[in-house]
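Worth saying up front: this structure is predicted, and the values here are computed from it rather than measured. Per chain, numbering begins at 1; letters A, B, ... match sequence-line order.
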There are 2 protein chains.
Amino acid sequence: MIRLVIAEDQTMLRDALATLLSLENDIEIAGSAANGREALDLVRHHKPHVVLTDIEMPGLTGLELAAQIKRDGLETRTLIVTMFDRPGYLRRALEAGVSGYLLKDTPSTELADAVRRIAAGERVLAPGLAEQAWSAEDPLSDTERRLLRLAEAGMDSQAIADAEGLARGTVRNYLHNAISKLGAGNRIEAARLARERGWL
Amino acid sequence: MIRLVIAEDQTMLRDALATLLSLENDIEIAGSAANGREALDLVRHHKPHVVLTDIEMPGLTGLELAAQIKRDGLETRTLIVTMFDRPGYLRRALEAGVSGYLLKDTPSTELADAVRRIAAGERVLAPGLAEQAWSAEDPLSDTERRLLRLAEAGMDSQAIADAEGLARGTVRNYLHNAISKLGAGNRIEAARLARERGWL
DNA sequence: GATTGAAGATGACACCTGTCATGCGTGCGG
DNA sequence: CCGCACGCATGACAGGTGTCATCTTCAATC
(Lines give C-alpha, C1' and ligand atoms only; values in the text may rest on other atoms or scores of the structure.)
Protein backbone atom coordinates (compact mmCIF):
# COMPACT_ATOMS: atom_id res chain seq x y z
CA MET A 1 0.00 0.00 0.00
CA ILE A 2 1.51 3.33 -1.10
CA ARG A 3 0.93 6.21 1.32
CA LEU A 4 0.45 9.51 -0.55
CA VAL A 5 0.18 13.17 0.43
CA ILE A 6 -1.21 15.69 -2.07
CA ALA A 7 -0.31 19.39 -2.10
CA GLU A 8 -2.15 21.59 -4.58
CA ASP A 9 -3.68 25.01 -4.04
CA GLN A 10 -6.60 24.71 -6.44
CA THR A 11 -9.26 23.05 -4.33
CA MET A 12 -11.11 21.56 -7.23
CA LEU A 13 -8.07 19.87 -8.76
CA ARG A 14 -6.84 18.76 -5.33
CA ASP A 15 -10.17 17.13 -4.51
CA ALA A 16 -10.45 15.56 -7.93
CA LEU A 17 -6.96 14.08 -7.82
CA ALA A 18 -7.48 12.75 -4.32
CA THR A 19 -10.73 11.08 -5.34
CA LEU A 20 -9.19 9.71 -8.50
CA LEU A 21 -6.14 8.24 -6.81
CA SER A 22 -8.05 6.84 -3.88
CA LEU A 23 -9.91 4.68 -6.39
CA GLU A 24 -6.64 2.79 -6.93
CA ASN A 25 -6.36 -0.31 -4.76
CA ASP A 26 -2.71 0.10 -3.89
CA ILE A 27 -2.77 3.82 -3.09
CA GLU A 28 -3.92 5.41 0.15
CA ILE A 29 -4.32 9.18 0.59
CA ALA A 30 -2.69 10.07 3.91
CA GLY A 31 -3.72 13.70 3.58
CA SER A 32 -4.03 16.68 1.28
CA ALA A 33 -2.87 20.28 1.73
CA ALA A 34 -3.67 23.60 0.10
CA ASN A 35 -0.20 25.10 0.59
CA GLY A 36 3.42 24.09 1.06
CA ARG A 37 3.56 24.72 4.78
CA GLU A 38 0.61 22.43 5.51
CA ALA A 39 2.08 19.85 3.17
CA LEU A 40 5.38 19.85 5.04
CA ASP A 41 3.56 19.27 8.33
CA LEU A 42 1.62 16.38 6.80
CA VAL A 43 4.77 14.82 5.37
CA ARG A 44 6.62 15.09 8.68
CA HIS A 45 3.72 13.55 10.52
CA HIS A 46 2.67 10.77 8.13
CA LYS A 47 6.03 10.06 6.48
CA PRO A 48 4.33 9.04 3.22
CA HIS A 49 6.11 7.18 0.45
CA VAL A 50 5.31 9.87 -2.09
CA VAL A 51 4.21 13.52 -1.99
CA LEU A 52 2.48 14.80 -5.10
CA THR A 53 2.84 18.57 -5.25
CA ASP A 54 2.23 21.63 -7.38
CA ILE A 55 5.08 24.15 -7.73
CA GLU A 56 3.33 27.48 -7.37
CA MET A 57 1.61 27.57 -4.00
CA PRO A 58 1.21 30.26 -1.37
CA GLY A 59 3.82 30.25 1.37
CA LEU A 60 6.14 27.43 0.40
CA THR A 61 6.61 26.37 -3.22
CA GLY A 62 6.75 22.72 -4.24
CA LEU A 63 10.46 23.07 -4.97
CA GLU A 64 11.15 24.45 -1.50
CA LEU A 65 9.03 21.66 -0.07
CA ALA A 66 11.12 19.05 -1.89
CA ALA A 67 14.37 20.64 -0.72
CA GLN A 68 13.16 20.77 2.88
CA ILE A 69 12.16 17.11 2.82
CA LYS A 70 15.68 16.22 1.64
CA ARG A 71 17.17 18.39 4.36
CA ASP A 72 15.03 16.63 6.95
CA GLY A 73 16.48 13.32 5.79
CA LEU A 74 13.03 11.87 5.12
CA GLU A 75 12.53 8.98 2.71
CA THR A 76 9.50 10.62 1.11
CA ARG A 77 9.95 11.07 -2.64
CA THR A 78 8.57 14.09 -4.45
CA LEU A 79 6.46 14.12 -7.61
CA ILE A 80 6.01 17.59 -9.10
CA VAL A 81 2.84 18.24 -11.11
CA THR A 82 2.82 21.68 -12.67
CA MET A 83 1.26 23.74 -15.44
CA PHE A 84 4.56 25.07 -16.70
CA ASP A 85 7.02 23.47 -19.07
CA ARG A 86 9.52 26.24 -18.45
CA PRO A 87 13.04 24.89 -18.75
CA GLY A 88 14.26 26.63 -15.61
CA TYR A 89 11.63 24.96 -13.45
CA LEU A 90 12.63 21.42 -14.34
CA ARG A 91 16.28 22.23 -13.75
CA ARG A 92 15.59 23.71 -10.34
CA ALA A 93 13.33 20.76 -9.57
CA LEU A 94 16.08 18.26 -10.34
CA GLU A 95 18.50 20.29 -8.26
CA ALA A 96 16.00 20.17 -5.40
CA GLY A 97 16.14 16.41 -5.63
CA VAL A 98 12.65 15.58 -6.89
CA SER A 99 11.93 12.12 -8.25
CA GLY A 100 9.33 13.04 -10.83
CA TYR A 101 8.12 15.99 -12.89
CA LEU A 102 4.85 15.84 -14.81
CA LEU A 103 2.77 18.49 -16.56
CA LYS A 104 -0.87 19.17 -15.78
CA ASP A 105 -1.80 18.23 -19.28
CA THR A 106 -0.64 14.68 -18.78
CA PRO A 107 -3.66 12.31 -18.96
CA SER A 108 -4.78 11.52 -15.44
CA THR A 109 -4.62 7.82 -16.24
CA GLU A 110 -0.82 8.03 -16.22
CA LEU A 111 -0.78 9.59 -12.81
CA ALA A 112 -1.34 6.48 -10.71
CA ASP A 113 1.33 4.70 -12.69
CA ALA A 114 3.78 7.54 -12.14
CA VAL A 115 3.10 7.41 -8.40
CA ARG A 116 3.81 3.67 -8.37
CA ARG A 117 7.03 4.02 -10.28
CA ILE A 118 8.23 6.79 -7.99
CA ALA A 119 7.37 4.77 -4.91
CA ALA A 120 9.46 1.98 -6.43
CA GLY A 121 12.44 4.30 -6.65
CA GLU A 122 12.25 5.13 -10.35
CA ARG A 123 12.50 8.62 -11.80
CA VAL A 124 9.60 9.90 -13.92
CA LEU A 125 10.00 12.91 -16.22
CA ALA A 126 7.47 14.44 -18.58
CA PRO A 127 8.35 13.19 -22.06
CA GLY A 128 10.17 15.76 -24.20
CA LEU A 129 11.28 17.77 -21.22
CA ALA A 130 14.34 15.71 -20.39
CA GLU A 131 16.80 17.24 -22.87
CA GLN A 132 15.32 20.69 -22.66
CA ALA A 133 16.22 20.75 -18.98
CA TRP A 134 19.81 21.80 -19.33
CA SER A 135 19.29 23.91 -22.44
CA ALA A 136 19.87 27.41 -21.14
CA GLU A 137 21.42 28.20 -17.78
CA ASP A 138 19.70 30.85 -15.73
CA PRO A 139 22.01 33.84 -16.16
CA LEU A 140 20.41 36.07 -13.52
CA SER A 141 21.92 36.79 -10.13
CA ASP A 142 19.58 36.76 -7.13
CA THR A 143 19.61 40.53 -6.90
CA GLU A 144 18.83 40.95 -10.59
CA ARG A 145 15.95 38.52 -10.23
CA ARG A 146 14.56 40.31 -7.18
CA LEU A 147 14.75 43.77 -8.70
CA LEU A 148 13.29 42.54 -11.97
CA ARG A 149 10.29 41.24 -10.10
CA LEU A 150 9.71 44.64 -8.52
CA ALA A 151 10.13 46.41 -11.86
CA GLU A 152 7.62 44.00 -13.37
CA ALA A 153 5.02 45.18 -10.85
CA GLY A 154 5.40 48.73 -12.17
CA MET A 155 7.67 50.27 -9.53
CA ASP A 156 10.12 52.86 -10.88
CA SER A 157 13.83 52.85 -10.09
CA GLN A 158 13.46 55.19 -7.13
CA ALA A 159 10.70 53.12 -5.54
CA ILE A 160 12.70 49.92 -5.99
CA ALA A 161 15.77 51.61 -4.51
CA ASP A 162 13.78 52.70 -1.45
CA ALA A 163 12.29 49.24 -1.01
CA GLU A 164 15.64 47.49 -1.27
CA GLY A 165 17.84 50.00 0.51
CA LEU A 166 19.90 50.63 -2.62
CA ALA A 167 20.76 53.74 -4.57
CA ARG A 168 18.62 54.61 -7.55
CA GLY A 169 21.64 54.32 -9.84
CA THR A 170 22.49 50.88 -8.51
CA VAL A 171 19.01 49.66 -9.26
CA ARG A 172 19.42 50.88 -12.81
CA ASN A 173 22.76 49.10 -13.08
CA TYR A 174 21.27 45.80 -11.96
CA LEU A 175 18.37 46.15 -14.32
CA HIS A 176 20.78 47.08 -17.08
CA ASN A 177 22.68 43.88 -16.43
CA ALA A 178 19.52 41.82 -16.50
CA ILE A 179 18.38 43.51 -19.71
CA SER A 180 21.67 42.85 -21.49
CA LYS A 181 22.02 39.29 -20.22
CA LEU A 182 18.57 38.52 -21.59
CA GLY A 183 19.06 40.39 -24.85
CA ALA A 184 16.01 42.53 -24.12
CA GLY A 185 15.40 46.15 -25.07
CA ASN A 186 14.00 47.34 -21.75
CA ARG A 187 13.03 46.14 -18.28
CA ILE A 188 9.50 45.17 -19.34
CA GLU A 189 10.72 42.86 -22.08
CA ALA A 190 13.43 41.50 -19.79
CA ALA A 191 10.85 40.56 -17.17
CA ARG A 192 8.65 38.94 -19.79
CA LEU A 193 11.52 36.89 -21.24
CA ALA A 194 12.77 35.80 -17.83
CA ARG A 195 9.31 34.74 -16.78
CA GLU A 196 8.75 32.75 -19.98
CA ARG A 197 11.93 30.85 -19.32
CA GLY A 198 11.10 30.14 -15.71
CA TRP A 199 13.81 32.34 -14.24
CA LEU A 200 11.52 34.63 -12.29
CA MET B 1 -30.20 11.70 -16.49
CA ILE B 2 -28.24 14.93 -17.09
CA ARG B 3 -26.14 14.95 -20.25
CA LEU B 4 -22.90 16.91 -19.75
CA VAL B 5 -20.07 18.11 -21.98
CA ILE B 6 -16.76 19.21 -20.41
CA ALA B 7 -14.37 21.74 -21.98
CA GLU B 8 -11.05 22.32 -20.21
CA ASP B 9 -7.60 22.57 -21.71
CA GLN B 10 -5.64 21.04 -18.83
CA THR B 11 -5.81 17.33 -19.56
CA MET B 12 -5.31 16.27 -15.99
CA LEU B 13 -8.10 18.41 -14.60
CA ARG B 14 -10.38 17.54 -17.51
CA ASP B 15 -9.89 13.80 -16.94
CA ALA B 16 -10.25 14.13 -13.21
CA LEU B 17 -13.49 16.11 -13.44
CA ALA B 18 -14.92 13.70 -15.98
CA THR B 19 -14.12 10.73 -13.76
CA LEU B 20 -15.46 12.49 -10.70
CA LEU B 21 -18.75 13.53 -12.28
CA SER B 22 -19.31 10.19 -14.01
CA LEU B 23 -19.41 8.66 -10.53
CA GLU B 24 -22.70 10.51 -9.98
CA ASN B 25 -25.73 8.38 -10.80
CA ASP B 26 -27.74 11.10 -12.48
CA ILE B 27 -24.95 12.57 -14.62
CA GLU B 28 -23.68 11.23 -17.92
CA ILE B 29 -20.57 12.59 -19.67
CA ALA B 30 -21.50 13.01 -23.34
CA GLY B 31 -17.99 14.09 -24.24
CA SER B 32 -15.00 16.20 -23.24
CA ALA B 33 -12.98 18.69 -25.27
CA ALA B 34 -9.57 20.31 -24.90
CA ASN B 35 -10.52 23.58 -26.61
CA GLY B 36 -13.53 25.75 -27.36
CA ARG B 37 -13.89 24.73 -31.01
CA GLU B 38 -14.09 21.02 -30.18
CA ALA B 39 -16.50 21.82 -27.37
CA LEU B 40 -18.80 23.69 -29.73
CA ASP B 41 -18.86 20.71 -32.10
CA LEU B 42 -19.68 18.36 -29.24
CA VAL B 43 -22.45 20.62 -27.97
CA ARG B 44 -24.00 20.95 -31.43
CA HIS B 45 -23.88 17.20 -31.92
CA HIS B 46 -24.96 15.94 -28.50
CA LYS B 47 -27.15 18.86 -27.43
CA PRO B 48 -26.30 18.27 -23.75
CA HIS B 49 -28.24 19.82 -20.89
CA VAL B 50 -25.15 21.48 -19.49
CA VAL B 51 -21.65 22.36 -20.74
CA LEU B 52 -19.01 22.83 -18.07
CA THR B 53 -16.24 25.01 -19.46
CA ASP B 54 -13.06 26.84 -18.59
CA ILE B 55 -12.69 30.45 -19.82
CA GLU B 56 -9.11 30.57 -21.08
CA MET B 57 -8.75 27.97 -23.78
CA PRO B 58 -6.92 27.97 -27.10
CA GLY B 59 -9.01 28.95 -30.11
CA LEU B 60 -12.38 29.78 -28.62
CA THR B 61 -12.77 31.02 -25.04
CA GLY B 62 -15.47 29.72 -22.75
CA LEU B 63 -17.24 33.09 -22.97
CA GLU B 64 -17.27 32.97 -26.75
CA LEU B 65 -18.51 29.40 -26.57
CA ALA B 66 -21.41 30.45 -24.34
CA ALA B 67 -22.31 33.33 -26.66
CA GLN B 68 -22.24 31.07 -29.71
CA ILE B 69 -24.49 28.51 -28.03
CA LYS B 70 -27.00 31.29 -27.34
CA ARG B 71 -26.75 32.46 -30.94
CA ASP B 72 -27.41 28.93 -32.17
CA GLY B 73 -30.61 28.90 -30.13
CA LEU B 74 -29.59 25.74 -28.29
CA GLU B 75 -31.07 24.87 -24.90
CA THR B 76 -27.68 23.91 -23.48
CA ARG B 77 -26.81 25.92 -20.36
CA THR B 78 -23.27 27.00 -19.62
CA LEU B 79 -21.37 26.59 -16.36
CA ILE B 80 -18.09 28.50 -16.25
CA VAL B 81 -15.33 27.10 -14.05
CA THR B 82 -12.30 29.36 -13.95
CA MET B 83 -9.22 30.20 -11.93
CA PHE B 84 -9.87 33.90 -11.98
CA ASP B 85 -12.10 35.94 -9.74
CA ARG B 86 -11.53 39.04 -11.83
CA PRO B 87 -14.63 41.24 -11.72
CA GLY B 88 -14.54 41.89 -15.46
CA TYR B 89 -14.74 38.21 -16.29
CA LEU B 90 -17.91 37.58 -14.33
CA ARG B 91 -19.53 40.63 -15.89
CA ARG B 92 -18.66 39.50 -19.39
CA ALA B 93 -19.81 35.97 -18.51
CA LEU B 94 -23.22 37.21 -17.41
CA GLU B 95 -23.47 39.31 -20.56
CA ALA B 96 -22.69 36.19 -22.59
CA GLY B 97 -25.69 34.54 -20.97
CA VAL B 98 -24.02 31.87 -18.82
CA SER B 99 -26.04 30.12 -16.11
CA GLY B 100 -23.24 29.51 -13.63
CA TYR B 101 -19.82 30.84 -12.65
CA LEU B 102 -17.62 28.91 -10.20
CA LEU B 103 -13.97 29.23 -9.22
CA LYS B 104 -11.47 26.43 -9.44
CA ASP B 105 -10.94 26.56 -5.73
CA THR B 106 -14.52 25.54 -5.06
CA PRO B 107 -14.57 22.11 -3.40
CA SER B 108 -15.25 19.48 -6.04
CA THR B 109 -18.09 18.10 -3.94
CA GLU B 110 -20.14 21.19 -4.79
CA LEU B 111 -19.63 20.68 -8.47
CA ALA B 112 -22.16 17.91 -9.06
CA ASP B 113 -24.72 19.89 -7.13
CA ALA B 114 -24.04 22.98 -9.23
CA VAL B 115 -24.50 20.96 -12.40
CA ARG B 116 -27.84 19.67 -11.13
CA ARG B 117 -29.09 23.11 -10.20
CA ILE B 118 -28.08 24.53 -13.55
CA ALA B 119 -29.78 21.67 -15.38
CA ALA B 120 -32.89 22.53 -13.37
CA GLY B 121 -32.75 26.11 -14.67
CA GLU B 122 -31.27 27.78 -11.60
CA ARG B 123 -28.40 30.23 -11.69
CA VAL B 124 -25.25 29.40 -9.68
CA LEU B 125 -22.67 32.06 -8.83
CA ALA B 126 -19.52 31.71 -6.78
CA PRO B 127 -20.31 33.10 -3.33
CA GLY B 128 -19.00 36.60 -2.75
CA LEU B 129 -18.67 37.31 -6.43
CA ALA B 130 -22.24 38.36 -7.02
CA GLU B 131 -22.09 41.96 -5.81
CA GLN B 132 -18.54 42.46 -6.98
CA ALA B 133 -19.72 41.82 -10.53
CA TRP B 134 -20.95 45.29 -11.30
CA SER B 135 -18.53 47.04 -8.99
CA ALA B 136 -16.21 48.71 -11.47
CA GLU B 137 -17.02 49.23 -15.11
CA ASP B 138 -14.21 48.66 -17.54
CA PRO B 139 -13.07 52.22 -18.28
CA LEU B 140 -10.74 51.38 -21.18
CA SER B 141 -11.53 52.05 -24.80
CA ASP B 142 -10.68 49.35 -27.33
CA THR B 143 -7.68 51.28 -28.59
CA GLU B 144 -6.36 51.86 -25.09
CA ARG B 145 -6.73 48.17 -24.36
CA ARG B 146 -4.94 47.15 -27.56
CA LEU B 147 -2.01 49.52 -27.06
CA LEU B 148 -1.71 48.57 -23.42
CA ARG B 149 -1.33 44.95 -24.42
CA LEU B 150 1.53 45.83 -26.78
CA ALA B 151 3.22 47.97 -24.14
CA GLU B 152 2.91 45.10 -21.71
CA ALA B 153 4.99 42.94 -24.04
CA GLY B 154 7.84 45.42 -23.82
CA MET B 155 7.39 47.36 -27.07
CA ASP B 156 8.28 51.07 -26.84
CA SER B 157 6.04 53.86 -28.11
CA GLN B 158 7.70 53.98 -31.53
CA ALA B 159 7.37 50.23 -32.08
CA ILE B 160 3.73 50.31 -31.06
CA ALA B 161 3.11 53.28 -33.36
CA ASP B 162 4.66 51.40 -36.30
CA ALA B 163 2.65 48.28 -35.55
CA GLU B 164 -0.63 50.17 -35.30
CA GLY B 165 -0.14 52.77 -38.01
CA LEU B 166 -0.31 55.62 -35.51
CA ALA B 167 2.02 58.48 -34.64
CA ARG B 168 4.36 58.00 -31.70
CA GLY B 169 2.74 60.92 -29.88
CA THR B 170 -0.71 59.45 -30.33
CA VAL B 171 0.40 56.19 -28.78
CA ARG B 172 1.68 58.11 -25.80
CA ASN B 173 -1.60 59.98 -25.53
CA TYR B 174 -3.60 56.75 -25.49
CA LEU B 175 -1.32 55.19 -22.91
CA HIS B 176 -1.51 58.39 -20.88
CA ASN B 177 -5.30 58.10 -20.89
CA ALA B 178 -5.14 54.47 -19.81
CA ILE B 179 -2.65 55.30 -17.05
CA SER B 180 -4.77 58.09 -15.63
CA LYS B 181 -8.04 56.17 -15.92
CA LEU B 182 -6.49 53.35 -13.91
CA GLY B 183 -4.76 55.61 -11.42
CA ALA B 184 -1.40 54.07 -12.24
CA GLY B 185 2.01 55.70 -12.29
CA ASN B 186 3.27 54.28 -15.55
CA ARG B 187 2.30 51.92 -18.38
CA ILE B 188 3.68 48.84 -16.60
CA GLU B 189 1.55 49.38 -13.53
CA ALA B 190 -1.44 50.24 -15.71
CA ALA B 191 -1.13 46.95 -17.58
CA ARG B 192 -0.81 45.03 -14.34
CA LEU B 193 -3.87 46.69 -12.80
CA ALA B 194 -5.98 46.22 -15.92
CA ARG B 195 -5.00 42.57 -16.12
CA GLU B 196 -5.80 41.96 -12.46
CA ARG B 197 -9.27 43.33 -13.01
CA GLY B 198 -9.94 41.31 -16.11
CA TRP B 199 -9.92 44.26 -18.51
CA LEU B 200 -7.08 43.07 -20.68
C1' DG C 1 -25.09 74.93 -42.62
C1' DA C 2 -23.34 75.45 -37.97
C1' DT C 3 -22.10 72.96 -33.82
C1' DT C 4 -20.35 69.47 -31.35
C1' DG C 5 -17.40 65.79 -30.26
C1' DA C 6 -14.40 61.93 -31.06
C1' DA C 7 -10.00 60.29 -33.09
C1' DG C 8 -5.62 61.41 -34.16
C1' DA C 9 -1.43 64.54 -34.48
C1' DT C 10 2.02 67.95 -32.92
C1' DG C 11 5.22 70.20 -29.95
C1' DA C 12 7.12 71.35 -25.57
C1' DC C 13 8.70 70.32 -20.93
C1' DA C 14 10.11 67.67 -16.86
C1' DC C 15 11.26 63.41 -15.53
C1' DC C 16 12.58 58.49 -16.03
C1' DT C 17 15.49 54.89 -18.33
C1' DG C 18 19.30 52.62 -20.57
C1' DT C 19 24.16 52.88 -21.14
C1' DC C 20 28.73 53.49 -19.87
C1' DA C 21 32.97 55.02 -17.53
C1' DT C 22 34.63 55.38 -13.20
C1' DG C 23 35.37 55.18 -8.23
C1' DC C 24 35.36 52.96 -3.61
C1' DG C 25 35.40 49.45 -0.17
C1' DT C 26 35.57 44.34 1.23
C1' DG C 27 36.96 39.92 0.99
C1' DC C 28 39.69 36.11 -1.04
C1' DG C 29 43.40 33.48 -3.46
C1' DG C 30 48.07 33.75 -4.77
C1' DC D 1 50.98 41.49 1.54
C1' DC D 2 49.27 42.54 -3.15
C1' DG D 3 46.17 42.21 -6.60
C1' DC D 4 41.78 41.54 -8.15
C1' DA D 5 37.20 40.39 -8.56
C1' DC D 6 32.67 41.77 -6.72
C1' DG D 7 29.01 44.53 -4.92
C1' DC D 8 27.55 49.03 -4.73
C1' DA D 9 27.61 53.88 -5.87
C1' DT D 10 28.16 58.24 -8.75
C1' DG D 11 27.81 61.22 -12.68
C1' DA D 12 26.86 62.19 -17.36
C1' DC D 13 24.47 61.69 -21.76
C1' DA D 14 21.06 60.18 -25.21
C1' DG D 15 16.83 58.73 -25.76
C1' DG D 16 12.19 57.20 -23.92
C1' DT D 17 8.06 58.42 -21.14
C1' DG D 18 4.23 61.07 -18.84
C1' DT D 19 1.75 65.28 -19.13
C1' DC D 20 -0.56 68.97 -21.19
C1' DA D 21 -2.20 72.52 -24.42
C1' DT D 22 -3.37 72.98 -28.97
C1' DC D 23 -4.66 71.77 -33.83
C1' DT D 24 -6.78 69.26 -37.67
C1' DT D 25 -10.17 66.04 -39.69
C1' DC D 26 -14.26 64.14 -40.08
C1' DA D 27 -18.61 62.30 -38.96
C1' DA D 28 -22.82 62.90 -36.19
C1' DT D 29 -26.34 65.87 -34.68
C1' DC D 30 -29.08 69.78 -34.16
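- Residues A:Leu103 and A:Thr82 have side chains in contact (heavy-atom distance under 4.5 Å, counting atoms from C-beta outward).
- Within residues 150-163 of chain A, the residues having any heavy atom closer than 4.0 Å to DNA chain C are, in order of number, A:Asp156, A:Ser157.
- No side-chain donor-acceptor contact under 3.5 Å links B:Arg168 to the backbone of B:Gln158.
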Run the side-chain donor-acceptor check on residues 177-186 of chain B: report pairs under 3.5 Å with partners two or more places apart or on a different chain.
residue	atom	partner	partner atom	Å
B:Ser180	OG	B:His176	O	3.4
B:Ser180	OG	B:Asn177	O	3.2
B:Lys181	NZ	B:Pro139	O	2.9
B:Lys181	NZ	B:Glu144	OE1	2.9
B:Lys181	NZ	B:Glu144	OE2	3.1
B:Asn186	OD1	B:Ile188	N	3.1
B:Asn186	OD1	B:Glu189	N	2.9
B:Asn186	ND2	A:Gly154	O	2.9

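- In this structure, A:Asn177 atom CG and D:dA9 atom P are separated by 14 Å, rounded to whole Å.
- Within residues 182-190 of chain B, the residues having any heavy atom closer than 4.0 Å to DNA chain D are, in order of number, B:Asn186, B:Arg187.
- Within the 4.5 Å cutoff, no side-chain heavy atoms of B:Thr19 are placed close to those of A:Thr19.
- Of the candidates C:dA9, C:dT19, D:dT19, the closest approach to any side-chain atom of B:Ile179 belongs to D:dT19.
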**Item:** Residues B:Glu164, B:Leu147; criterion side chain to side chain contact (heavy atoms under 4.5 Å, CB included); working and verdict
**Value:** CA-CA 8 Å; B:Glu164 292 281 310; B:Leu147 300 195; 3.6 Å; yes
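- Within the 4.5 Å cutoff, no side-chain heavy atoms of A:Leu148 are placed close to those of A:Glu152.
- Judged by distance alone, the side chain of B:Glu8 and the main-chain N or O of B:Gln10 form a donor-acceptor pair under 3.5 Å.
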Let me have the donor-acceptor pairs involving side chains of residues 51-62 of chain A, under 3.5 Å, with sequence neighbours excluded, atom names and distances please.
residue	atom	partner	partner atom	Å
A:Glu56	OE2	A:Tyr89	OH	2.7
A:Thr61	OG1	A:Leu63	N	3.4
A:Thr61	OG1	A:Glu64	N	3.1

Atom pairs under 3.5 Å, N or O on each side, protein against nucleotides 24-29 of chain D: can you list them with distances?
none

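- Rounded to whole Å, atom C1' of D:dG16 lies 15 Å from atom CG of A:Leu175.
- By the 4.5 Å heavy-atom criterion applied to side chains, A:Leu65 and A:Thr78 are not counted as neighbours.
- In this structure, the CZ atom of B:Arg168 is 14 Å from the P atom of C:dA12, given to the nearest Å.
- Comparing C:dA9, D:dT10, D:dT19 against the side chain of A:Thr170 picks out D:dT10 as the nearest.
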**Message:** side chain to side chain contact (heavy atoms under 4.5 Å, CB included) for B:Leu200 and B:Arg145? Distances and angles first, verdict last.
**Reply:** CA-CA 6 Å; B:Leu200 268 191; B:Arg145 201 190 326 283; 3.7 Å; yes
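- In this structure, the side chains of B:Leu150 and B:Arg146 stay at 4.5 Å or more apart for every pair of heavy atoms.
- Although no hydrogens or angles enter the test, the distance criterion places a donor-acceptor pair under 3.5 Å between the side chain of A:Thr76 and the main chain of A:Pro48.
- Summarising the geometry, the separation between CG on A:Leu147 and C1' on C:dC16 is reported as 17 Å, rounded to the nearest angstrom.
- When each of D:dT17, D:dA9, C:dA9 is scored by its nearest atom to the side-chain atoms of B:Leu166, the top-ranked nucleotide is C:dA9.
- B:Leu13 is not listed as a side-chain neighbour of A:Lys104, based on a closest heavy-atom distance of 4.5 Å or more.
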Distances under 3.5 Å between nitrogen or oxygen atoms of protein and nucleotides 20-22 of chain C:
residue	atom	partner	partner atom	Å
C:dC20	N4	A:Asn173	ND2	3.2

